[in-house]
Amino acid sequence: MGCFLCKSVSEFDSEQSWGEKKEKSESEMAGKMKSEASSSSRTRNNIINSGRGASKVADCGRNRSSCGYCKSRGPTSISHGLWAHSLSVNDYQDLLDRGWRRSGSFLYKPEMERTCCPSYTIRLRAADFSPSKEQLRVARRLQRFLDGNLDSNKAPKQKEDSSASKETHSCADPQASSSEVKKSSPSNGAEKTEGESLLNSLTEKITNAIDICIESGLFPNDIQLPKACVKKVSQGKRKLFVEGSETLLYTSNIAFQIASAIKRAKQALEHVHQPRISKDTVDEKELSPKTIAEKLASSLNQLAETSGLSVKACNGHINFYLGVNKAYLDGSSEIVSNSEGSATRHESKVCSSENNYDGSSVKRRRLEIHMTRSSFDPEEFALYRRYQINVHNDSPDRVTESSYRRFLVDSPLIFVPPTSDGTVPPCGFGSFHQRYVIDGQLVAVGVIDILPRCLSSKYLFWDPDFAFLSLGKYSALQEINWVKENQIHCPSLQFYYLGYYIHSCNKMRYKAAYRPSELLCPLRYEWVSFDVARPFLDRKAYVVLSDCAALQDGESSAPNAPEQAMEVQHHDNSLEDTNDVLMHQMEEMDDAEYDSSDIDSGGESSDPESIQVEDGDIGNLLIGMRGTCMKYKDLQRAFGARERGHLESQLRRYLRVVGKELGEQMVYSLG
């Protein structure tokens, strides 16, 4: 992708040959300008010494392309582009808060009034996040999978060729590898058989207890009662009781099923005016699930002697407890951090355990979450390639290593190592990949930027075999939780940015389900609650969001959307749904021509900063050219009248899209 500004310098040279026509050579000119540029050098040094680093960008101009969201055929998607040679995390944070995003080293911002699908930056404050029922179900589903309790027909088939010798680099278990997982796999069948044997034994005992109650007249003997079923209780649902520190292991809801069967039979007999189902039947109060569970539990009191479990009735459930609590049954997560900025693996989160009880062994899966600095990894690329081909139907020849590097590996962000003063988290600031590893197998990679005020989510790709785990939603929950946890180390780190939100695109609307979210006003760059903005976005694609609150106060017809309605709307969407659309947009930008001819043909004309830009404002812009960096007012005499007029038009456009503060902090590169 060519940069317009680099081309512009060549045009200036060819048209005017200003470097040759000057009476003095470039070296003499540089000497003359040295004293004039001293203030520029001091300004640049102040920026670097302040910790912001040196951001250097080139203006690519306006881009028109087809839209991957509304599937337009014409060039209806309009954005402004910058190419970042380097970018400080502070400057990129400020660019995010003006509606910019990055793809590799390319920065882009939709021209909101002109583009077909206005894209609003969306974020939420992590500490205020309230997970929905669907999001909680996703977390529970993955925990059941780790516990080994998920239905077997939903479990993925392990690939035989999955990185047998690659280490997982877990801080908790650095020697763990997929080869070790394979070595242990032959015992999985025996462990599963032993676990099922115990469940079958408990089920049989409940069945015998039911027969005893029928024979004693506690239950009716003239209807068919349901068969008992005992299930293992997942880690998330275990409850520890003070009495004896008991741990809930298994449970059965047979009492509810028996009560329901008796009630249905009684209603059927009464409907045909027949006597009650049995003379020995207990009264209606005694047929409640709670009473039935208590009666069955009393008949099971000998279980403790044969299996080492205690039995109790609890609100209609028959629960089986382990008398002594063991730590390895807890299965809680462990956080292991490495504060060394130079370390390859900065942070690992490990969820794993193996349960052994009374001769039986249940193999549980191990989930590890590693955070690594953004770099090319062959295993990650292989997963990305498989994801794009199988999930998004990309042709293999289009999923290349070079496109992957440009899109998800290359980053202009200047890494900031961790500090001990509470201003930088243990992993540092910069671009990272979060690796999700289950039993040594890489199953997902989240591409993120960690900035002074936020974690910005960029992209996610995952193993198609694990689609049933909704890893897009799960990774979002993990990233939000990461922000919460790292606020202890870096109080300024408070927000989770989900990228762009497009209200007219159904695949984008899932983002608003992460509540309470805010949208960035495209005019005044203020944050507005999504609940306030939504009624207005229902009517019009482009809205000045900062005006919504005032408008809503005067319009009773614009109520806030209830959370329940939001749940229905976003129930079937997940984070990975928009990845293919985003990838399409990036490909369009790579192939598009950047139009530099309509420099002053109008941008966001309603932007207060773009109504009028004085020459004095552009005079303070830092210009980088041929190894030098100085303010434009100190450099402008190096150009002829024609070149100066053309360049100043570009600088005014640039100042409009980045703002005065960033314009005076970042270096505007002319090559």
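Remember, predicted model here, so these are calculated numbers, not experimental data.
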Interatomic distance, [X] atom [atom1] to [Y] atom [atom2] [nearest 0.5 angstrom]:
X: K484; Y: F129; atom1: NZ; atom2: CZ; result: 6.5 Å
X: F536; Y: D547; atom1: CZ; atom2: CG; result: 9.5 Å
X: L635; Y: K631; atom1: CG; atom2: NZ; result: 13.0 Å
X: H433; Y: T372; atom1: NE2; atom2: OG1; result: 6.5 Å
X: L523; Y: L545; atom1: CG; atom2: CG; result: 9.5 Å
X: Y668; Y: L651; atom1: OH; atom2: CG; result: 5.0 Å

I'd like to know if the side chain of [X] and the backbone of [Y] have a donor-acceptor N/O pair within less than 3.5 Å.
X: T115; Y: E111; result: no
X: K511; Y: L498; result: yes
X: R64; Y: P75; result: no
X: S66; Y: R73; result: no
X: N486; Y: H489; result: no
X: W100; Y: P110; result: no
X: T400; Y: S403; result: yes

Before we go on, tell me: are the rings of Y501 and Y120 under 6.0 Å apart, centre to centre?
no
Between W462 and Y387, does the ring centre distance come in under 6.0 Å?
yes
Can you check side chain to side chain contact (heavy atoms under 4.5 Å, CB included) on K458 and I448, steps first, answer last?
CA-CA 5 Å; K458 186 176 183 299; I448 60 175; 6.0 Å; no
May I ask you to decide if the ring planes of F530 and H503 are parallel, tilted or perpendicular, using 30° and 60° as cut-offs?
tilted
State, yes or no, whether a side-chain contact exists between [X] and [Y] at a heavy-atom distance under 4.5 Å.
X: Y384; Y: Y459; answer: yes
X: P412; Y: S86; answer: no
X: Y108; Y: H80; answer: no
X: I414; Y: F429; answer: no
X: R398; Y: Q388; answer: no
X: V424; Y: C490; answer: no
X: D634; Y: I623; answer: no
X: C427; Y: W482; answer: yes

Holding to side-chain hydrogen bond (donor to acceptor under 3.5 Å, both in side chains), I want the full list of residues that pass it with S119, two or more places apart in sequence or in another chain.
none
What pair of heavy atoms forms the shortest contact from [X] to [Y], and how long is it?
X: G99; Y: L520; result: N-CD2, 3.4 Å
X: E134; Y: K473; result: OE2-NZ, 3.0 Å
X: L493; Y: L455; result: CD1-N, 4.2 Å
X: R101; Y: G499; result: CZ-CA, 3.4 Å
X: Y542; Y: P522; result: CE1-CG, 3.6 Å
X: G430; Y: L413; result: C-CD1, 4.1 Å

I'd like to know whether I389 forms a side chain to side chain contact (heavy atoms under 4.5 Å, CB included) with V399, so could you lay out the CA-CA distance, the side-chain angles of the two residues, the decisive distance to 0.1 Å, and finally the verdict.
CA-CA 8 Å; I389 293 173; V399 189; 4.1 Å; yes
Residues two or more places apart in sequence or in another chain: which of them pass ring pair (Phe, Tyr, Trp, His ring centres under 6.0 Å) with Y436?
none
If we ignore angles and hydrogens, is there a donor and acceptor under 3.5 Å between the side chains of [X] and [Y]?
X: Y474; Y: Q478; result: yes
X: D421; Y: T419; result: yes
X: D463; Y: Q441; result: yes
X: S431; Y: R102; result: yes

Give a yes or no on whether a salt bridge exists between [X] and [Y], defined as a side-chain N under 4.0 angstrom from a carboxylate O.
X: E518; Y: R125; answer: no
X: E368; Y: R435; answer: no
X: D128; Y: R515; answer: no
X: D59; Y: R653; answer: yes

Please evaluate residues L460 and V445 with respect to the criterion side chain to side chain contact (heavy atoms under 4.5 Å, CB included), reporting the C-alpha separation (whole Å), side-chain torsions for both, the decisive distance (0.1 Å), and the verdict.
CA-CA 6 Å; L460 180 90; V445 176; over 6 Å; no
Give the intermediate values and the outcome of side chain to side chain contact (heavy atoms under 4.5 Å, CB included) for residues Y500 and Y69.
CA-CA 12 Å; Y500 284 138; Y69 297 107; 5.7 Å; no
Determine, for Y496 and R123, whether the Lys NZ or Arg CZ falls below 6.0 Å from the six-membered ring centre while staying within 45 degrees of the axis.
no
With salt bridge (charged side-chain N to carboxylate O under 4.0 Å, His left out) as the criterion, how do D94 and R453 come out once you've worked through the C-alpha distance, each side chain's angles and the decisive distance to 0.1 Å?
CA-CA 10 Å; D94 292 343; R453 296 192 295 275; 3.4 Å; yes
Go through the steps to decide whether R524 and S546 satisfy the test side-chain hydrogen bond (donor to acceptor under 3.5 Å, both in side chains), and finish with yes or no.
CA-CA 7 Å; R524 299 185 180 92; S546 56; 2.5 Å; yes
Quick one, W527 with Y497, criterion ring pair (Phe, Tyr, Trp, His ring centres under 6.0 Å). Give me CA distance, side-chain angles, the key distance, then yes/no.
CA-CA 12 Å; W527 293 97; Y497 283 54; 5.7 Å; yes
Stepwise side-chain hydrogen bond (donor to acceptor under 3.5 Å, both in side chains) test for Q135 and Y514
CA-CA 9 Å; Q135 291 157 0; Y514 294 88; 4.6 Å; no
Quickly, which of S457, S456, S374, C454 forms a side chain to side chain contact (heavy atoms under 4.5 Å, CB included) with D449? Name it, please.
S456
Just do the side-chain hydrogen bond (donor to acceptor under 3.5 Å, both in side chains) check on Q665 and N90 with the steps written out, would you?
CA-CA 10 Å; Q665 288 169 177; N90 290 280; over 6 Å; no
